[in-house]
Amino acid sequence: MTPMMALKRVSWVLLFVTQMHVFSGRGSLSFEYSQPVAQPLKDSFPSSTTATSTKAPATKMPDYMEKCPSNGQCSRLPSDCMTCATNYSCIYGKPVTFNCTAKNGVVCFDENSQRLEYFTISMTCQFCWQLPPSDYVCNLSSSCKTVSCPRQRYNTNCTVLDHVHCLGNRTFPKMLYCNWTGGYKWSTALALSITLGGFGADRFYLGQWREGLGKLFSFGGLGIWTLIDVFLIIVGYVGPADGSLYI
């Protein structure tokens with residue numbers, strides 16, 4: 001074998017070994033390419049501009065404004081709509097005049113449609129609790145007995161009407177007689193007592209079912225109980241079981 005032939009064979013063997021080495025992955029060259037990561041760009045400008053409007057807080061209307069008429073006469077304003085310089089040294093029961101002014105937000109005029117800031121009010125010198133019952137309203141009670149001897153009373157609070165002027169507190173405590181009704185009619189109770197009293201119909205109508213059962217099973221106490229009930233209903237001694245008054 002000549003030297004040239006031997007050299008070719010060695011070259012072919014080296015080439016074959018090199019290819020096998022490359023195909024096995026041991027000699028592969030790996031190039032790492034650093035790819036830049038795209039960072040999201042933040043918009044340096046605001047996406048939307050919000051216009052903030054500063055609103056002034058709403059002014060709450062005073063409670064007395066609901067009672068005060070707009071552009072009315074000063075002399076007809078309710079007492080809650082004015083401030084008066086009252087004098088407690090006046091003579092009780094005598095007419096007296098006080099200087100008054102309308103409260104804040106209340107506008108009033110005189111008879112000639114002229115706006116007034118100061119005006120006078122004429123009234124009778126007396127405290128609010130001394131007024132007649134027609135000048136105030138009271139909270140009624142439905143828990144006391146109107147038909148009783150002696151008549152029952154209850155404590156309640158009364159408020160003076162808007163157009164009435166007086167001295168002192170316009171709301172005051174007062175003791176009143178029980179005076180309320182549950183819808184029972186005196187004429188109906190009397191008619192039932194006369195016609196069907198022997199069966200206790202009058203007592204059942206008034207809500208007194210125990211007495212009604214007693215009259216029913218005793219046939220009106222053989223008529224005696226019936227006559228007594230007719231008289232008691234006429235004079236108003238027998239009334240509704242809930243203690244209310246007749247209509």
Side-chain angles (χ1 to χ4, degrees), residues 46 48-146 150-183 242-247:
S48 62
T49 304
T50 304
T52 305
S53 59
T54 304
K55 296 182 179 180
T59 304
K60 184 180 179 181
M61 182 179 297
D63 296 334
Y64 60 81
M65 291 297 296
E66 298 178 358
K67 300 181 180 180
C68 302
S70 178
N71 300 331
Q73 291 188 7
C74 297
S75 59
R76 298 183 178 180
L77 284 177
S79 297
D80 294 336
C81 304
M82 64 180 72
T83 303
C84 299
T86 57
N87 185 4
Y88 292 95
S89 62
C90 58
I91 302 175
Y92 173 76
K94 298 295 182 178
V96 63
T97 301
F98 295 123
N99 295 323
C100 303
T101 179
K103 289 186 176 180
N104 187 24
V106 180
V107 179
C108 64
F109 300 87
D110 60 2
E111 291 79 2
N112 298 323
S113 300
Q114 297 293 329
R115 183 174 178 179
L116 297 179
E117 294 184 2
Y118 303 95
F119 52 93
T120 58
I121 289 295
S122 298
M123 53 179 288
T124 303
C125 180
Q126 59 183 349
F127 287 96
C128 295
W129 58 270
Q130 297 173 324
L131 292 172
S134 58
D135 290 341
Y136 56 82
V137 292
C138 301
N139 299 326
L140 300 179
S141 174
S142 59
S143 60
C144 60
K145 297 290 183 178
T146 58
R151 292 184 60 186
Q152 291 187 4
R153 293 189 179 191
Y154 66 96
N155 294 319
T156 185
N157 291 325
C158 302
T159 303
V160 181
L161 299 179
D162 293 336
H163 66 279
V164 179
H165 301 280
C166 57
L167 301 177
N169 295 327
R170 299 185 62 82
T171 300
F172 52 91
K174 200 173 186 65
M175 180 175 288
L176 302 176
Y177 285 108
C178 296
N179 187 19
W180 64 282
T181 179
D242 58 2
S244 63
L245 293 175
Y246 288 114
I247 296 178

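Just so you know, these numbers come straight off a predicted model, no measurement behind them. Position 1 is the first residue of the sequence; numbering continues from there. Values below: all heavy atoms of this structure, side chains included; hydrogens, waters and symmetry mates excluded.
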Review point. At what distance, to the nearest 0.5 angstrom, does CG of Asn139 lie from CG of Asn157?
Key: 6.0 Å
**Study point:** Test item: Leu131 and Val164 side chains (from C-beta on) under 4.5 Å apart, heavy atoms
**Key:** yes
Check your understanding: What orientation do Tyr88 and Phe127 show, parallel under 30°, tilted 30 to 60°, or perpendicular over 60°?
Key -> parallel
Review point. Can you check whether Gln114's main-chain N or O pairs, donor with acceptor, with Asn112's side chain at less than 3.5 Å?
Key: no
Exercise for review: Can you see which heavy atom on Ile91 is nearest to which on Cys125, and at what distance?
Suggested key: O-CB, 3.1 Å
Exercise for review: Kindly indicate whether the side chain of Phe119, heavy atoms from C-beta on, has any atom under 4.5 Å from the side chain of Cys108.
Suggested key: yes
**Study point:** Heavy-atom pair with the smallest gap, counting every atom of Ser89 and Asn87
**Key:** OG-OD1, 2.7 Å
Exercise for review: Could you tell me whether the side chain of Phe98 reaches within less than 4.5 Å of the side chain of Leu167, counting heavy atoms only?
Suggested key: yes
Revision key, fill the gap. Correct closest heavy-atom pair for Leu161 and Arg170 would be O-NH2, 2.6 Å
**Study point:** Enclosure of Tyr92 OH (heavy-atom neighbours >12, cutoff 6.0 Å)
**Key:** yes
Point to revise | Geometric cation-pi criterion Arg115 and Phe109, 6.0 Å radius, 45° cone | key: no
**Study point:** Under 3.5 Å donor-acceptor, Arg76 side chain and His163 backbone
**Key:** no
Practice item. To the nearest 0.5 angstrom, please state how far the CE atom of Met82 sits from the OH atom of Tyr118. Key: 15.0 Å
Review point. Rounded to the nearest 0.5 Å, how far apart are CD of Gln73 and CG of Leu116?
Key: 10.0 Å
**Study point:** Closest approach of His165 to Leu77 (non-hydrogen atoms, all atoms of both residues)
**Key:** CE1-O, 3.9 Å
Review point. Is the backbone N or O of Glu117 less than 3.5 Å from a side-chain atom of Thr101, with the two atoms forming a donor-acceptor pair by type?
Key: yes
Review point. Taking the SG atom of each, are Cys100 and Cys84 under 2.5 Å apart?
Key: yes
Review point. Side chains of Val160 and Ser79: does their closest heavy-atom pair fall under 4.5 Å?
Key: no
Practice item. Could you grab the distance from atom NZ of Lys174 to atom CG of Asn155, nearest 0.5 Å is fine? Key: 11.5 Å
Review point. Taking the side chain as C-beta and beyond, is there a heavy-atom pair between Trp129 and Asn169 under 4.5 Å?
Key: no
Check your understanding: Between the side chain of Lys103 and the main-chain N/O of Asp80, is any donor-acceptor distance below 3.5 Å?
Key -> yes
Review point. CD/Gln126 to SG/Cys90 distance, rounded to the nearest 0.5 angstrom?
Key: 9.5 Å
